[in-house]
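Step one of this worksheet: look at the structure below.
Any value given below was found using the heavy atoms of this structure, including those in side chains, with hydrogens, waters and symmetry copies removed. Small disclaimer: the values here were computed from a predicted structure and weren't measured.
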Amino acid sequence: MSAIDGLPPLREVIARHDLRAKKQLGQNFLLDLNLTARIARAAGDLTQCDVIEVGPGPGGLTRGLLAEGARHVLAIEKDARAIPALQEIAAHYPGRLTVIQGDALQIDPLAHVTPPIRIAANLPYNIGTELLVGWLTPPEWPPFWQSLTLMFQKEVAQRIVAKPGGKDYGRLALLAQWRCEARIVLTLPPQAFVPAPKVESAVVHLTALPAPRFPADARVLEEITRAAFNQRRKMLRASLRGLHPAVESLLEASGIAPTARAEEIDLERYCALARALAAARRAPAGIPPG
């Protein structure tokens with residue numbers, strides 16, 4: 001695939017810049033440019049979009065995004081060793097790639113991109129979930145981005161798209177599916193990476209919905225799901241006891257059996273419970289809610 005952009009193969013780039021992956025940075029490089037092109041295509045039509053990429057490393061996905069027509073790419077890379085390789089890509093695509101060295105958890109990308117905006121990244125394993133949660137919990141919704149196309153360890157990807165009733169279902173699934181369409185679009189074996197991780201990886205595509213699927217206060221919903229899944233083996237009447245004195249009545253009013261456990265309850269009923277709890281807290285003392 002190097003022929004499509006005239007740039008050297010990634011193995012040559014890595015050798016020339018001594019870019020051996022560092023475990024402490026959560027690095028696993030994807031060197032197959034056919035695969036990076038597939039990930040870029042999974043992000044959708046990029047010709048009218050700016051794309052934010054976190055952890056580009058030697059630039060395999062960066063090249064895929066640009067070759068697939070991204071209007072502009074902002075690449076945020078913590079590892080100073082990778083910057084010269086990324087600057088070579090920037091020189092090959094004049095005006096279409098901006099490279100920033102720094103910690104993606106600390107950088108505000110909005111000063112460098114113009115809407116519409118998409119995010120696409122082979123995320124460093126050690127900060128991937130934290131970045132995702134930040135993108136899913138902005139102060140206002142809809143967010144600044146249209147979609148997220150992100151690679152995670154497969155077990156994390158499965159948690160994002162999980163349905164009620166299984167061990168993968170939890171707060172991450174509820175958080176993602178409340179405000180997004182979420183699906184796994186690609187699974188990759190360990191040998192696709194250098195160094196090969198011990199687990200499979202998967203790419204998840206999340207499309208922001210115009211509004212949440214069901215009305216609820218984000219802070220109350222987070223409070224409920226945190227309490228429920230932090231003690232997921234307990235019945236909800238026990239795990240949620242500290243949220244309100246009448247929690248059993250609130251559960252029943254929301255269509256939830258007080259004896260149910262966290263993983264048995266779907267998103268709609270968690271949102272109903274969040275509304276009921278918020279109303280109960282607003283009610284004058286001594287007056288039952290509703």
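- Considering only heavy atoms from C-beta on, Leu221 stays 4.5 Å or farther from Phe214 through its side chain.
- A heavy-atom distance below 4.5 Å is not found between the side chains of Thr137 and Glu222.
- Hydrophobic clustering places Leu236 together with Leu267 (ILVMFWY residues linked when any side-chain heavy atoms are closer than 4.5 Å, directly or through intermediates).
- Proximity of a side-chain donor or acceptor of Asp50 to a complementary backbone N or O of Pro115 within less than 3.5 Å is not detected.
- Counting only distance, with no hydrogens or angles, the side chain of Trp135 and the backbone of Leu148 share no donor-acceptor pair below 3.5 Å.
- Of the possible donor and acceptor atoms, one in the side chain of Arg71 sits under 3.5 Å from a partner among the backbone N and O of Thr114.
- Linking Ile, Leu, Val, Met, Phe, Trp and Tyr residues whenever their side-chain heavy atoms come within less than 4.5 Å places Leu131 and Trp145 in a single cluster.
- Atom CZ of Arg232 sits in a crowded spot, with more than 12 heavy atoms from other residues, nucleotides or ligands closer than 6.0 Å.
- The two atoms that bring Tyr270 and Ala228 nearest to each other are OH-CB, 4.0 Å, heavy atoms only.
- Between the side chain of Gln177 and the main chain of Ala162, a donor-acceptor pair closer than 3.5 Å is present.
- Applying the 6.0 Å contact sphere to CD of Gln191 captures more than 12 heavy atoms from other residues, nucleotides or ligands.
- Minimum heavy-atom separation, Gly57 to Ala82: O-CB, 3.4 Å.
- Here the straight-line distance linking atom CG of Asn122 with atom CG of Asn28 works out to 7.5 Å at 0.5 Å rounding.
- Rounded to the nearest 0.5 angstrom, His112 NE2 and Leu74 CG are separated by 6.5 Å.
- For the pair Phe29 and Ile14, the minimum side-chain heavy-atom distance is below 4.5 Å.
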(request) Report the C-alpha separation of Met151 and Leu188 in whole Å, then their side-chain angles, then the decisive distance to 0.1 Å, and conclude whether the side-chain contact (heavy atoms from CB on, under 4.5 Å) test is met. (result) CA-CA 9 Å; Met151 187 184 301; Leu188 297 96; 4.0 Å; yes

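- Remark: Arg16 CZ is packed, more than 12 non-hydrogen atoms of other residues, nucleotides or ligands lying under 6.0 Å away.
- Using a 4.5 Å cut-off on side-chain heavy atoms (C-beta onward), His17 and Pro58 make no contact.
- Between the side chain of Arg63 and the backbone N or O of Asp5 there is no donor-acceptor pair closer than 3.5 Å.
- There is a path of hydrophobic side-chain contacts, each under 4.5 Å, that joins Val156 to Leu105.
- Note that CZ of Phe193 is 10.5 Å distant from CG of Asp32, once rounded to the nearest 0.5 Å.
- Here the side chains of Ser201 and Gln153 are not in contact, with every heavy-atom distance at 4.5 Å or above.
- Of the candidates Val220, Leu174, Leu172, Thr225 forms a side-chain contact (heavy atoms from CB on, under 4.5 Å) with just one, namely Leu174.
- With hydrogens and angles disregarded, no donor-acceptor distance shorter than 3.5 Å links the side chain of Arg118 to the backbone of Leu46.
- Residues Ile160 and Ala176 come closest through the heavy atom pair CG2-CB, 3.8 Å.
- No side-chain heavy atom of Lys234 sits less than 4.5 Å from a side-chain heavy atom of Arg241.
- Side-chain atoms of Arg96 come within 3.5 Å of backbone atoms of Leu66 as a donor-acceptor pair (strictly under, hydrogens ignored).
- At a threshold of 4.5 Å between non-hydrogen side-chain atoms, the residues Phe144 and Pro138 do not count as touching.
- Between the Thr62 side chain and the Pro56 main chain, no donor and acceptor come within less than 3.5 Å of each other.
- One N or O on the side chain of Tyr169 and one on the backbone of Ile265 form a donor-acceptor pair closer than 3.5 Å.
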(message) side-chain contact (heavy atoms from CB on, under 4.5 Å) for Leu240 and Leu273? Distances and angles first, verdict last.
(response) CA-CA 11 Å; Leu240 302 182; Leu273 180 58; 3.8 Å; yes

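- Within 6.0 Å of the CZ atom in Arg281, the count of heavy atoms belonging to other residues, nucleotides or ligands exceeds 12.
- Cluster membership check: Leu136 shares its hydrophobic cluster with Leu110, using side-chain heavy-atom separations under 4.5 Å among Ile, Leu, Val, Met, Phe, Trp and Tyr.
- Gln146 approaches Pro116 most closely through the heavy-atom pair NE2-CB, 3.3 Å.
- When every heavy atom of His72 is checked against every heavy atom of Gly95, the shortest pair comes out as CD2-O, 3.6 Å.
- Residue Leu209 holds its CG atom at 6.0 Å from SG of Cys180, rounded to the nearest 0.5 Å.
- Ala42 and Val185 get closest at one heavy-atom pair: CB-CG2, 3.9 Å.
- Using a cutoff of 4.0 Å between basic side-chain nitrogens and carboxylate oxygens, Glu268 and Arg213 are not scored as salt-bridged.
- Judged purely by atom type and a 3.5 angstrom limit, Arg261 uses its side chain to pair as donor or acceptor with the backbone of Arg233.
- Leu186 CG to His205 NE2: the interatomic distance, rounded to the nearest 0.5 Å, is 13.0 Å.
- In this structure, CD on Gln101 lies 12.0 Å from CD1 on Ile76, to the nearest 0.5 angstrom.
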